[in-house]
Amino acid sequence: MSRTIDEFKKLVDAEEFFNFFNLPYDHEVVHVNRLHILKKFSQYIKEIDDNSTDLSPEEKLNQYSAAFQKAYQVFLVSTPQEQKLFKVFNDKAKNVVKLTEITSD
């Protein structure tokens with residue numbers, strides 16, 4: 001099956017990317033981490049696009065495929081909390097005092 005950049009640009013869901021790139025995946029992992037996988041993938045795409053401007057469309061799709069697989073692999077061994085891809089994981093909670101911050105004077 002011949003894939004094109006135009007077809008790639010129409011993909012939205014994580015499962016569509018797995019199917020497009022013909023990659024196996026664990027449905028449960030994707031169900032829990034789909035937004036994180038897509039966010040990590042978007043970071044990898046930006047790196048590819050910024051650093052490899054001379055790639056043919058086929059080469060670019062091959063790199064995108066490897067990047068998507070890499071993004072998925074991250075969440076097989078890590079958690080969204082460890083990756084901190086979204087602002088919510090980086091914000092310090094307000095009105096919360098951690099036990100490690102309490103001292104006895």
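Side chains included, hydrogens not; waters and symmetry mates left out as well; all remaining heavy atoms used.
Shown here are the ring pair (Phe, Tyr, Trp, His ring centres under 6.0 Å) partners of His27, two or more places apart in sequence or in another chain: Tyr25. Annotation: salt bridge (Lys or Arg N to Asp or Glu O under 4.0 Å) contacts of Glu15 (sequence neighbours excluded): Arg34. In this structure, Asp6 has no salt bridge (Lys or Arg N to Asp or Glu O under 4.0 Å) partners at least two apart in sequence or on a different chain. With sequence neighbours left out, Ser56 forms a side-chain contact (heavy atoms from CB on, under 4.5 Å) with Glu58, Glu59.
Counting only residues at least two apart or on different chains, no ring pair (Phe, Tyr, Trp, His ring centres under 6.0 Å) pair has a member in residues 42-61.
The minimum heavy-atom distance between Thr4 and Leu61, with the atom names listed, is C-CD1, 3.7 Å.
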Please list every donor-acceptor pair under 3.5 Å in which a side-chain atom of residues 63-74 meets a protein atom from a residue at least two apart or in another chain.
unit_1 : atom_1 : unit_2 : atom_2 : d
Tyr64  : OH     : Asp49  : OD1    : 2.5
Tyr64  : OH     : Asp49  : OD2    : 3.2
Tyr72  : OH     : Asp26  : N      : 2.8

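By the criterion of side-chain heavy atoms lying less than 4.5 angstrom apart, applied directly or through intervening Ile, Leu, Val, Met, Phe, Trp or Tyr residues, Leu76 is grouped together with Leu23 in one hydrophobic cluster.
The environment of CG in Asn22 is sparse: at most 12 heavy-atom neighbours from other residues, nucleotides or ligands sit within 6.0 Å.
Geometric assessment of Arg3 against the ring of Phe8 yields a negative cation-pi assignment under the 6.0 Å and 45° thresholds.
For the pair Gln43 and Lys46, the minimum side-chain heavy-atom distance is 4.5 Å or more. Two residues are said to be in side-chain contact when any heavy atoms from C-beta on lie closer than 4.5 Å; Leu38 and Phe17 meet this criterion. Using a 4.5 Å heavy-atom cutoff, the side chains of Lys39 and Leu35 are not in contact.
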